[in-house]
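Keep in mind the model is a prediction, meaning the values are calculated, not measured.
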Amino acid sequence: MRATLITEVIAMAFDTVRSNKMRSGLTVLGVVIGITSIVGMTAMIRGFDESLRQAIREIGPNLIFVQRFGLLSFTSGATFNDLIKRPNLSVSDARAIEAQAGSIRLVDVQLGVGGAPPTQERVFYRDLRTRLLVVFGTTESFATGTALNLEAGRFFTGSEVQARSNVVVLGQTPYMALFAASGTDPIGKMVRVGSERYTVVGVFVKRPAVGGFNAGQDDFVVMPYTAYQRQFGLRGVTVTVGRSTNTRFLLPMQIAAVPREGVPQSVAISEVQQVMRSRHGLRLDDPDDFDLVTQDAILQLWDRISQATFLALIVISSIALMVGGIGVMAIMSISVTERTREIGVRKALGARRTEILFQFLMEAVILTSLGGLLGIVLGSALGWAVHLLSGFPISLPWWSFAIGLGFSAAVGIFFGMYPAFKASRLDPIEALRYE
């Protein structure tokens with residue numbers, strides 16, 4: 001086919017679509033809905049994905065967490081009864097990692113979080129109080145290991161940890177509730193955490209919120225783990241194993257380790273694993289009775305979840321696209337019947353089958369592609385509307401537009417093929433006789 005003929009056929013297809021605006025719009029409604037769903041949901045899933053990754057990066061780029069068990073434990077198929085039989089972690093475990101794992105630069109003990117319900121208390125200042133906040137005790141390495149910056153003041157020192165000093169660093173939530181409204185400088189002020197008084201020495205910056213939602217990421221206070229032990233002791237929960245009378249004590253504690261510069265994380269993980277297995281007296285064929293959690297493991301779990309969500313989105317949107325495609329096929333078949341005489345005239349004047357087929361196929365593709373473009377616009381608008389109304393992060397990658405346009409064009413080709421083939425096979429003499 002000559003280029004001029006192709007241009008002429010495309011122009012004729014546009015004219016046909018333009019002359020039947022209402023019918024064309026109703027025909028591609030299913031395609032519009034499907035593409036809007038794909039683009040809009042992709043924008044929100046991608047936005048949430050980037051927000052989550054940023055929040056995880058804030059925890060610390062190379063942190064290795066040692067936990068009795070955590071969320072990732074359940075992905076391995078272990079039952080809750082199996083997991084609670086694991087031994088509690090101890091400060092001695094952290095000291096052993098620090099002394100025996102040569103690839104580890106620093107080790108932090110974190111009491112009050114990990115492996116059990118966290119320790120929670122209210123914080124009081126004069127006549128003000130906060131809601132229940134997570135209280136955890138750490139070493140002086142916490143701020144360095146987690147890469148959390150301070151908005152004001154400082155973090156407590158190693159000497160304050162050894163002396164069991166009553167000092168505390170506030171998250172943004174207690175700072176805003178107790179000091180920000182009045183413009184009071186919190187540094188040096190005395191607050192009460194539960195029943196004990198502490199001196200505020202620092203305030204953390206606001207942490208990024210996953211998805212723009214306030215998930216309590218700033219609802220915490222940090223104190224020396226030695227002061228935590230003095231005030232809370234071994235606070236945890238006791239659970240019953242199965243239907244038996246056996247009970248297990250769950251202590252909220254985890255250990256964080258940071259590898260030395262230039263040491264691959266896999267090497268550091270292997271050394272920490274060897275130290276912990278030796279500490280717990282495990283044989284070579286015994287499975288680990290602890291979990292080693294890294295950013296990569298968390299992100300791999302999220303990748304599986306997001307991929308499954310995106311696949312479900314594609315399947316659901318495909319139903320709308322299929323409905324739209326069936327509508328296109330039905331309308332194009334009606335159009336072929338209505339234009340039978342026109343097809344006969346064109347064939348009588350020398351039009352070939354390929355030209356007739358190409359014309360009707362282009363009409364279907366143009367129809368669905370216009371629906372795809374409208375779906376892209378509406379999907380993008382939907383994403384921005386959600387962002388502006390709720391603050392939910394969005395991302396509009398170029399490939400989501402390409403997928404939307406490609407899917408819509410593919411629907412036109414697939415469902416427009418039968419009507420186009422039917423038109424090209426019409427006998428010119430019979431077509432001219434058609435009234």
Side-chain angles (χ1 to χ4, degrees), residues 25 27-63 71-72 75 147 206-215 217 265 294-325 328 364-416:
T27 301
V28 298
L29 188 58
V31 176
V32 172
I33 293 173
I35 301 303
T36 299
S37 302
I38 291 176
V39 174
M41 292 304 296
T42 299
M44 288 185 277
I45 292 173
R46 288 282 300 176
F48 185 85
D49 177 78
E50 293 179 5
S51 176
L52 176 66
R53 291 176 186 276
Q54 177 61 29
I56 292 175
R57 282 193 292 268
E58 289 288 331
I59 297 174
N62 299 312
L63 272 179
L71 178 63
L72 298 180
T75 62
K206 186 176 181 62
R207 299 173 67 182
V210 178
F213 300 117
N214 182 8
Q217 68 277 359
Q265 192 179 62
T294 63
Q295 277 191 20
D296 291 339
I298 298 172
L299 289 176
Q300 285 172 7
L301 174 62
W302 163 245
D303 285 341
R304 291 202 295 270
I305 295 172
S306 61
Q307 287 169 6
T309 304
F310 189 72
L311 180 60
L313 167 66
I314 294 296
V315 171
I316 294 171
S317 300
S318 297
I319 297 173
L321 291 174
M322 184 178 296
V323 172
V328 169
V365 170
I366 289 170
L367 200 60
T368 54
S369 295
L370 290 175
L373 289 173
L374 183 57
I376 289 171
V377 173
L378 292 177
S380 302
L382 175 65
W384 277 108
V386 170
H387 174 69
L388 294 174
L389 293 174
S390 66
F392 192 91
I394 63 167
S395 175
L396 293 167
W398 65 268
W399 52 261
S400 67
F401 299 156
I403 288 176
L405 200 56
F407 272 19
S408 60
V411 166
I413 293 173
F414 183 80
F415 288 95

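Partners of W399 by side chain to side chain contact (heavy atoms under 4.5 Å, CB included), not counting sequence neighbours, listed by chain and number: T42, R46, F310, P397, I403. Taking M44 as the reference, M41, V386, F392, I394 meet the side chain to side chain contact (heavy atoms under 4.5 Å, CB included) condition, with sequence neighbours excluded. Scanning for side-chain hydrogen bond (donor to acceptor under 3.5 Å, both in side chains) contacts around S395 gives E50, with sequence neighbours left out.
Here the closest heavy-atom approach between residue L63 and residue Q265 is recorded as O-NE2, 4.0 Å.
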Donor-acceptor list for residues 31-40 side chains, cut-off 3.5 Å, not counting sequence neighbours:
unit_1 : atom_1 : unit_2 : atom_2 : d
T36    : OG1    : V32    : O      : 2.7
T36    : OG1    : G375   : O      : 3.4
S37    : OG     : I33    : O      : 2.9

Could you tabulate the donor-acceptor pairs under 3.5 Å formed by side-chain atoms of residues 364-371, not counting sequence neighbours?
unit_1 : atom_1 : unit_2 : atom_2 : d
T368   : OG1    : A364   : O      : 3.1
T368   : OG1    : V365   : O      : 3.2
T368   : OG1    : S408   : O      : 2.8
T368   : OG1    : G412   : N      : 3.4
S369   : OG     : V365   : O      : 2.7

